[in-house]
Each structure stands twice: as C-alpha cells, then as structure tokens.
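Note sheet for the following structure.
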Amino acid sequence: MKQNWPEGYGRRVLAEVDSTNAEAARIAPQLNGPEWILARRQMSGRGRRGRAWSDLEGNFAATLVMRPSETPDRVALRSFVAALALFDTLAAVTGRVEGLALKWPNDVLVNGGKVAGILLEGGGVSGAGMSHIAIGIGVNLVSAPNPEGLETGAVRPVSLMSETGVEVDPETFLDYLAVAFATRETQFVTYGFAPIRTAWLDRAARLGEVITARTAHQCRTGVFETVDNAGNLVLKTPKGAEAIPAAEIFF
Ligand SMILES: O=C(O)CCCC[C@@H]1SC[C@@H]2NC(=O)N[C@@H]21
C-alpha cells in the first residue's frame, strides 16, 4: 500500500555515497528540518564500534539527520525510537510480528538473526547542545553479509528475503520507515521515553534470560532484567543489579 510521506521530513535519494552518516554530517549545517538520506549504493558504510558495514546491492542504507535542541542524553534515546520504528516497518512490510525481536541496544532480529543495525552519531556537542544527530540504518533486505570473522557468540546476519520470503526495494522500505519513525517520534516528543521504553521491552529478545555484555574492558554475565529510564541495560549479577550504558551483548 502506498504510504503518505510524513509532513515536515525531507527526502534525498543518492545514486552513490561513501556513507549516508558522513553525508548527514556534511549537510547538517544547511538543514531546515529533519531529512532522510537514502543511498542506492553505499561504498564505505560504517557500523557500531568502528566496524565496517557492508552494503550489498538491493539492501537498505539510509540516515535520518536532525537538529534537536535537547541534551545529548535525551538525544541518545532516539536509538530506541528508531529501533521501534524499524520493528514497526518490518512488521508492516512482512505482515507479521512473529520472529521479530529487538536486541539491546538497537539491532533488529528476524528468526534470531540480525537483519538490521542502527548507528547513532552526534555532531559537535557545545553549550547549545548537539549540532546534529545522524541516525544511520542498515537493513539486509535481500542479502546478508558473509558471517566470516564474526566474534564467537555474535548473532548471525540474515536477510529479510531469506527469512520471510518478502522482497521489498529500498525506496518502498523508506516510505514505510519514514511514516513509522514520524509516529514514534511524535510519541516520544509528546509523552517522553516511558511509552517507548515499555514498547521496546515488549519486543526485547532474551528479556529475563542470562546474557553477556561485553565492552572493550569488561565482560558481565547476568540476567537481563530491564532497560532503565536512561536506556541502560540492567543486568542482575551475583554482585547486584548493574546498569550498563554501552556494550555488545551475546546470548
Ligand atoms: O553496526 C551496526 O549494527 C550498525 C550499522 C549501521 C549501518 C548504517 S547503513 C546507513 C548508515 N550509514 C552508515 O555508514 N552506517 C549506517
């Protein structure tokens, strides 16, 4: 079904770019409102934790760039807004929610494999707040990258097509995602993080189960208890509850 593009959001479609997040940083100073940047080909996609994100033909690579006048902590909660919008989009294009789950902080899983990732990058924090935020979203619509070199215990990459048989092109996917994001963004701006947090937890993978959170310096294993009001992962460990602001989690 044709989606109505949300009011107030711009849209650019590029034939080729290095990284849509890099493009977001370049255009941010001239922005008058939030803008989606979609690339048909992305040559140097960036992933979380300094990793490269490989974009195979037919997959989705886009960034929403905004200039919110909020504190960096609140801006960072957009990763949950974006993850929920991605979940809603995948549910809308496949027509089902079975098999879909969110992995903290902001990956989307289909049948236990990673189908989508989000990279949030902020520009220049000053007294006035952040100059911009880039919410970069990659979705393996038609093919998953080679899993070789994945860390032990990391979730395997999958594609939407291989897991569900549903084929959708990047521009149609953006039409759905832009609507889903605008809806969740309105919810966030109007009611705050509480309903976003609740909705995110309802869709969380491995909630209540034992998981491991790994950072560059530490490894913590415990029961995934919740996500707190600041978006931290809360693990129940033998030493008590620990709130973890950033980590990679392993099941
Ligand atoms: O590591 C992850 O899971 C996050 C991957 C984010 C990839 C997307 S693709 C569009 C945008 N541009 C980039 O360079 N990266 C993000």
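Reckoned from all heavy atoms, side chains included, excluding hydrogens, waters and symmetry mates. Read the numbers this way: they start at 1 and go in the same order the structure lists the ligands and their atoms. Remember, it's a predicted structure, so these values are computed and weren't measured experimentally.
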Filter the ligand 1-protein atom pairs down to N or O on both sides and distance under 3.5 Å, then list them.
| unit_1 | atom_1 | unit_2 | atom_2 | d |
| --- | --- | --- | --- | --- |
| ligand 1 | 1 (O) | Arg48 | N | 2.7 |
| ligand 1 | 3 (O) | Lys114 | NZ | 2.5 |
| ligand 1 | 12 (N) | Thr20 | OG1 | 3.0 |
| ligand 1 | 12 (N) | Gln42 | OE1 | 2.9 |
| ligand 1 | 14 (O) | Ser19 | OG | 2.7 |
| ligand 1 | 14 (O) | Arg46 | N | 2.7 |
| ligand 1 | 15 (N) | Arg46 | O | 2.7 |

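Inter-residue side-chain proximity for Pro105 and Arg48 is flagged as met; some heavy-atom pair is nearer than 4.5 Å.
Contact detail for Ile118 and Asp107: the closest heavy-atom pair is N-OD1, 4.5 Å. Taking both residues in full, the closest heavy atoms of Ala83 and Val108 are given as O-CG2, 4.3 Å, listed atom of the first, atom of the second, then distance. Considering every non-hydrogen atom in both Val110 and Glu163, the closest pair reads CG1-CB, 3.6 Å.
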Could you please spell out the steps behind the side-chain hydrogen bond (donor to acceptor under 3.5 Å, both in side chains) verdict for Ser159 and Ser143?
CA-CA 5 Å; Ser159 78; Ser143 39; over 6 Å; no
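Side-chain contact annotation: Asp55 with Asn59, donor-acceptor N/O pair under 3.5 Å absent.
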